[in-house]
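Here is the structure we will look at, set down as structure tokens.
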Amino acid sequence: MSKILTVTHVSGHNACPECGSIEVPYPLSTNDNCGDPRYRVYCENDVLQLLSAGGFYYKIISINPSSYRLVISPPLIPKDTCYSSDLTSGGFTLDDDSPFNISTRNTVMLLNCSENILLSPLNCSSSSLCRLFEEQVEAGSGCRGTLCCHFLKDSSMTSRRIRVRVGGCTAYTSVVDIRPGDSIDSWNYGIELQWLPPN
């Protein structure tokens, strides 16, 4: 008597294995054998990363597959400087054909800016959130006293870039989902990206 065993792959999608302690849900893909290759992320030494169009790797710190969102670490600002570590690549940029875009829940703080920034509609006042970052956060201390501004990334702005450059603003950070009255200790530093689900 012989028995036939049938194994069915229920989801129809091949999720990638964990990278360190982070699950890599479909459609994210760490290699050609899992996920959807259009949603490429990289697992190096158990650290999940996203590669920008400028060739800079950003650590992925959280993923919420049900809302199609992930959060990457903002670039480092080396001690006693006011330059983002991604300055040479022009800041954070996504390819035009990328399925990812920058969500509207990011408050971006531009630091060490030229006076040309004052022509923009950004909040560059003495009460700008960037002043708190410069004065109360060690990573911002090298930028203290420079011209800085903050803005909430909204749908009328490009959803593919946070630009820094010499002659403009040389550093930035980003906080996800700041609410009025939030203390600086509760800020969730990161750049939240959303993705379009595959068709």
Side-chain angles (χ1 to χ4, degrees), residues 49-50 52-64 67 69-94 96 98 100-195:
Q49 303 173 89
L50 179 89
S52 73
F56 195 86
Y57 287 91
Y58 297 82
K59 180 181 178 182
I60 297 172
I61 52 180
S62 67
I63 301 172
N64 184 336
S67 64
R69 296 176 189 267
L70 60 86
V71 177
I72 59 174
S73 288
L76 296 174
I77 301 173
K79 187 176 172 78
D80 299 325
T81 74
C82 193
Y83 300 97
S84 294
S85 54
D86 62 357
L87 177 64
T88 57
S89 62
F92 180 70
T93 308
L94 292 165
D96 288 338
S98 171
F100 301 102
N101 63 62
I102 301 169
S103 86
T104 57
R105 294 176 1 120
N106 294 289
T107 297
V108 178
M109 293 172 233
L110 299 173
L111 308 160
N112 196 26
C113 299
S114 72
E115 289 192 9
N116 292 338
I117 197 85
L118 297 174
L119 301 173
S120 73
L122 308 182
N123 180 345
C124 304
S125 72
S126 60
S127 63
S128 173
L129 294 174
C130 62
R131 292 287 168 222
L132 291 174
F133 178 74
E134 291 177 341
E135 294 166 6
Q136 297 182 27
V137 178
E138 186 176 345
S141 65
C143 299
R144 193 171 291 137
T146 67
L147 180 56
C148 71
C149 307
H150 85 267
F151 62 95
L152 180 65
K153 199 83 169 148
D154 70 25
S155 57
S156 68
M157 299 174 174
T158 177
S159 60
R160 303 244 176 236
R161 163 179 250 185
I162 299 173
R163 184 177 184 197
V164 289
R165 63 186 174 84
V166 174
C169 302
T170 62
Y172 71 96
T173 194
S174 177
V175 179
V176 179
D177 202 23
I178 289 182
R179 293 190 168 92
D182 279 356
S183 76
I184 195 166
D185 296 331
S186 68
W187 286 3
N188 179 23
Y189 291 93
I191 303 168
E192 185 183 74
L193 306 178
Q194 55 194 13
W195 70 80

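Note that these values count all heavy atoms, side chains included, but never hydrogens, waters or copies made by symmetry.
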inquiry  = If we count only N and O atoms by modelled type, under 3.5 Å, do the side chains of Asn101 and Ser159 hold a donor and an acceptor together?
reply    = no

ask   = What's the spacing between Trp195 CH2 and Arg69 CZ if we round to 0.5 Å?
value = 10.0 Å

inquiry  = Would the pair Cys148 and Cys130 meet an SG-SG distance criterion of under 2.5 Å?
reply    = yes

request  = Classify the side-chain pair Ser125/Asn123 by whether it contains a donor and acceptor separated by less than 3.5 Å.
outcome  = yes

ask   = Under 2.5 Å between the sulfurs of Cys82 and Cys143, yes or no?
value = yes

request  = Go through the side-chain N and O atoms of Thr107 and His150 and say whether any donor and acceptor fall under 3.5 Å apart.
outcome  = no

inquiry  = For Ile77 and Phe133: C-alpha separation, side-chain torsions, deciding distance, then whether side chain to side chain contact (heavy atoms under 4.5 Å, CB included) applies.
reply    = CA-CA 12 Å; Ile77 301 173; Phe133 178 74; 4.1 Å; yes

request  = Determine whether Ile184 and Val137 make a side-chain contact, defined as any pair of heavy atoms from C-beta on separated by less than 4.5 Å.
outcome  = yes

remark   = Nearest heavy-atom approach of Gly190 to Val176 is O-CG2, 3.5 Å

message = Let's go through Arg160 and Ser98 carefully: what are the C-alpha distance in whole Å and the side-chain angles of both, what is the deciding distance for side chain to side chain contact (heavy atoms under 4.5 Å, CB included) to 0.1 Å, and is it a yes or a no?
response = CA-CA 9 Å; Arg160 303 244 176 236; Ser98 171; 3.7 Å; yes

ask   = Passes side chain to side chain contact (heavy atoms under 4.5 Å, CB included), Ile191 versus Val71? Steps please.
value = CA-CA 5 Å; Ile191 303 168; Val71 177; 6.0 Å; no

query = Mind checking whether Thr88 and Phe56 have side chains closer than 4.5 Å, heavy atoms only?
reply = no

Note, Thr170 side chain near Val164 side chain (heavy atom, < 4.5 Å) = no

inquiry  = So does Tyr172 get a backbone contact from the side chain of Ser84, meaning a donor-acceptor N/O pair under 3.5 Å?
reply    = yes

task = Report yes or no: does Arg131 contribute a side-chain atom to a donor-acceptor pair with the main-chain N or O of Arg144 at less than 3.5 Å?
result = no

message = Is the shortest side-chain heavy-atom distance between Asn188 and Asp177 below 4.5 Å?
response = no

query = Side chains of Asp86 and Tyr58: does their closest heavy-atom pair fall under 4.5 Å?
reply = yes

message = Taking the side chain as everything from C-beta on, heavy atoms only, tell me whether Val108 gets closer than 4.5 Å to Phe92.
response = no

task = Find out whether Leu118 and Leu147 are in side-chain contact, i.e. whether some heavy atom of one side chain is under 4.5 Å from a heavy atom of the other.
result = yes

Spacing of Leu87 atom CG and Arg163 atom CZ [to the nearest 0.5 Å] = 11.0 Å

inquiry  = Checking the side chain of Ser103 only, and the main-chain atoms of Leu193 only, is there a donor and an acceptor separated by less than 3.5 Å?
reply    = no

Rounded distance (nearest 0.5 Å) linking atom CG of Asp182 with atom CG of Leu132 = 11.5 Å

request  = Indicate the atoms forming the closest heavy-atom contact of Thr104 with Leu152, along with that distance.
outcome  = O-CD1, 3.6 Å

Leu50 side, atom CG; Ser73 side, atom OG - distance, nearest 0.5 Å = 11.5 Å

inquiry  = Rounded to the nearest 0.5 Å, what separates atom CG in Asn112 from atom SG in Cys169?
reply    = 8.0 Å

message = To the nearest 0.5 Å, what is the distance between CG on Leu94 and CZ on Phe100?
response = 8.5 Å

inquiry  = Please tell me whether Glu134 and Ser141 have a donor and an acceptor in their side chains that are separated by less than 3.5 angstrom.
reply    = no

key: Charged N-O contact under 4.0 Å between Lys153 and Glu192   = no

message = For the backbone of Gly167 and the side chain of Ser114, can you confirm whether one donor and one acceptor N or O come within less than 3.5 Å of each other?
response = yes

ask   = Yes or no on side chain to side chain contact (heavy atoms under 4.5 Å, CB included) for Ile72 and Ile61, after CA distance, side-chain angles and deciding distance?
value = CA-CA 5 Å; Ile72 59 174; Ile61 52 180; 6.0 Å; no

inquiry  = Within the 4.5 Å heavy-atom criterion, are Gln194 and Arg105 side-chain neighbours or not?
reply    = no

